[in-house]
Structure formats: structure tokens, C-alpha cells
Chemist: 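Once you've had a glance at the structure underneath, I'll fire off some questions.
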Amino acid sequence: MIAVLKHGTTPDQTQHLIDWLKRMNLDVHVSEGQEITILGLIGDTSRVDMELLKSLEIVETVKRVSEPFKQANRKFHPKDTIIEVGNVRIGGGYFAVIAGPCSVESEEQIIEVATAVKESGAEILRGGAFKPRTSPYAFQGMKGEGIKLLLKAKKATGLPIITELMNINDLDLFADVDIIQIGARNMQNFDLLKEIGKSKTPVLLKRGLANTFQELLMSAEYIMSEGNENVILCERGIRTFETYTRNTLDLSAVPALHELSHLPVVIDPSHATGKIKLIPSMAVAATAAGADGIMVEVHNNPACALCDGAQSLTPAQFDDLNRRIRRVREAIL
Ligand code: PEP
Ligand code: MN
């Protein structure tokens, strides 16, 4: 990090600032020019409050020259991270298709969808048991019962399962879950992130509706700094002025996050577009862009789905999509 001091700063004022920075365990490299003085801050600057530094009377500008995320940073970990769940691998050239309904609704429903998506080639089964709904009157999920049904579907098909955790108090129910999903709305629930950081269960961390890549990576850092390095990043669309789609899929997340981080990047075209017709194209585009996987909502009867029917593919549509994805994978390998 560098701090440029204002013209006219006295040597006393400069020294005062240097002493203050040194008390934060930083080394300070001073470069004095004719007009201005530049301080180079060396050491762990992740704890420096940039805004506070900027607000000081004698400071002109402050610039970070290294990112505040360390463990998630590609610079410190050049090799791609590969996450293993059962026999499935994600990242570093391994691609995984995650599919299943938005919500677990009944034993019959989840087993039927799980069997169908497996047959089409999905490697991981998704299904929400705890649902973050905009309306308190909407279906809130089957909760603990839903997790039990997911485990039954896992037993019946052999597919590892992913489901969303919303509240730390429910963590015990997730003991046999293969991947814990942290939804867009909880991306900055820092207590929740710290808590799952203490487990070793892989985490799929979704980008918030209005969060930057850096904020997403700082949230990954919260999990990793507690000891859990098994983090998968997920782009699920961000909020823009466009209303035709549910969100706007930011596909640049794939190359951008790959450049910044070694963690796998998965694209969720279902929540990104909200429209069945748009999902296959976006899933194929994500595959071509080099994503490490996709997560798609599939329902055996979308018209009767308790949640997100309008963006749920039928098993037949999913089967067709999976064929296209396989062809793209072959073409880009
Ligand atoms: C989901 O995947 O079920 C979900 C609620 O997604 P998001 O957090 O991206 O809205
Ligand atoms: Mn959904």
C-alpha cells in the first residue's frame, strides 16, 4: 500500500504518521520528492483502514498495490485448487454439473429428480431445505426434514448433495451434507462464514446481489482464514437496471475470478436469468468461458414447483443441455 502525502506536509507531521503506521507492525519506506512525499507501507496491510488513512489531513491519496485477500489469492497459491466431494472433483480442469430442484418438496419429488439428473450425467444433487424467500408468506422449505430427504436421495442415487445453510444454529443438521451452500443474501453474514470456516466441509459461496469480486473473495477469505480451504465461488447474477432477466449474469466472473484466485468458479444460470429459455445458452456459454461447473435447477413438474418453477428445466430439457455441455467440453479441452 502506498500513501501520497500532501504538498507542504512538515517533517514532524510525516514522522508522526510513520510512528503511527509502525505501531501497526508495518515497515515504512519513505521516498521524498521535490514536491511530495510517498510512504510505502510494507507488511500485512490487510488490517489497515484505508478510508481512515485517506481521511487524514496530510494524506493526498492511498492506493493498494496488493489485494487484501491472501489465502484466496492466486499470487500466493498459483496452482488451481481442486475440491473433492466423494468421487467428484471440481476445479483445475475438473468440471462438475450440479442439478436438482430449487426446494426439496417431498420424498417422491427429490428421488425422481435425483434419479433423472443422474441419468443425464449430473454429478452432484442440489435441493434447498432452508429457503431464503423474499416474502415471509412464501414456502420456506422443509428444513431438517428436507435434509433427511436429500440424504435418502443421496443413498438412492449415490450423488453427493449440496444444500443451503442460513443459520448457524442449524449447522448440526448439515453433518452429512457434502457441500454447504451460502446463498447470495448471506454472502456477507460474517459470523456464519467464520463458523463454517471451522469445519472442513466444502462450501459453495454465492456472490451477493450487489457485491464486487473483491467482496466475494474477502468473504471466501473469512472462511479460509478459519481453516476451511475448500471454497467454491459461484456467480449467480447481479442486480442491474435490466428487468427482463431476474438478474444479470456476469460471465466475466469466470476469467476474472480465475485470474484473481485459485478457487474453482461455478456458474448458476438459473438464478442469473430466471427464465427457462435463457438458461441453456448461458450454461453453455459458461462452460465455454472455462467455468469449473454449473448449477442448474431441474424439477419433475416445474408448473407445480413450490419455488422457482419459472426457471426450472424439465428432466428432458436438462438432458439436452447436458449433451450440449459435453460437446463444448470436448471442443475446448
Ligand atoms: C438457491 O440456490 O436456491 C438460491 C436461493 O440462490 P441465491 O442465493 O443465488 O439466490
Ligand atoms: Mn431457486
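Each ligand, and each atom within it, is numbered from 1 in the order the structure gives.
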Chemist: Judged by modelled atom types alone, do Q317 and D320 share a side-chain donor-acceptor pair under 3.5 Å?
Modeler: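 Result is no, nothing qualifies.
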Chemist: Among all protein heavy atoms in this structure, tell me which lies nearest to atom 4 (C) of ligand 1, with the distance rounded to 0.1 Å.
Modeler: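 Going atom by atom, the protein heavy atom closest to atom 4 (C) of ligand 1 ends up being H271 NE2, 3.5 Å.
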Chemist: How many protein N, O or S atoms sit closer than 2.8 Å to the Mn ion (ligand 2)?
Modeler: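 My tally for this metal is 4.
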Chemist: Distance only, no hydrogens: is a donor on one side chain within 3.5 Å (strictly under) of an acceptor on the other, for E297 and Q311?
Modeler: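 Per modelled atom types, E297 and Q311 side chains form a pair under 3.5 Å.
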Chemist: Do we see a donor-acceptor contact under 3.5 Å between the side chains of H258 and D292?
Modeler: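 Yes, side-chain donor-acceptor contact under 3.5 Å.
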Chemist: Would R236 count as a polar contact of ligand 1, with the cut-off being nitrogen or oxygen pairs under 3.5 Å?
Modeler: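 In this structure, R236 places an N or O atom under 3.5 Å from an N or O of ligand 1.
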Chemist: Is it the case that ligand 1 has an N or O less than 3.5 angstrom from some N or O of E164?
Modeler: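 No; the residue has no nitrogen or oxygen that sits under 3.5 Å from a nitrogen or oxygen of the ligand.
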Chemist: Taking only heavy atoms of K206, which atoms of ligand 1 are found under 4.0 Å from at least one of them?
Modeler: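 Atoms satisfying the 4.0 Å criterion: 1 (C), 2 (O), 4 (C), 6 (O), 7 (P), 8 (O), 9 (O).
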Chemist: Answer yes if M295 and M166 sit in the same cluster of Ile, Leu, Val, Met, Phe, Trp and Tyr residues linked by side chain heavy atoms under 4.5 Å apart, and no otherwise.
Modeler: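 Different hydrophobic clusters.
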Chemist: If we count only N and O atoms by modelled type, under 3.5 Å, do the side chains of T10 and Q13 hold a donor and an acceptor together?
Modeler: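 Result is yes, a qualifying pair exists.
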Chemist: With respect to A184, determine whether any N or O atom, backbone or side chain, lies less than 3.5 Å from an N or O atom of ligand 1.
Modeler: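 Between A184 and ligand 1 (N or O atoms, distance only) the closest approach is under 3.5 Å.
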Chemist: If only side-chain N and O atoms count, and only distance matters, is there a donor-acceptor pair under 3.5 Å linking H271 with D308?
Modeler: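 Per modelled atom types, D308 and H271 side chains form a pair under 3.5 Å.
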Chemist: Any carboxylate oxygen within less than 4.0 angstrom of a Lys/Arg side-chain nitrogen, looking at D176 and K154?
Modeler: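 Judged by the 4.0 Å cut-off on N to carboxylate O distance, D176 and K154 do not form a salt bridge.
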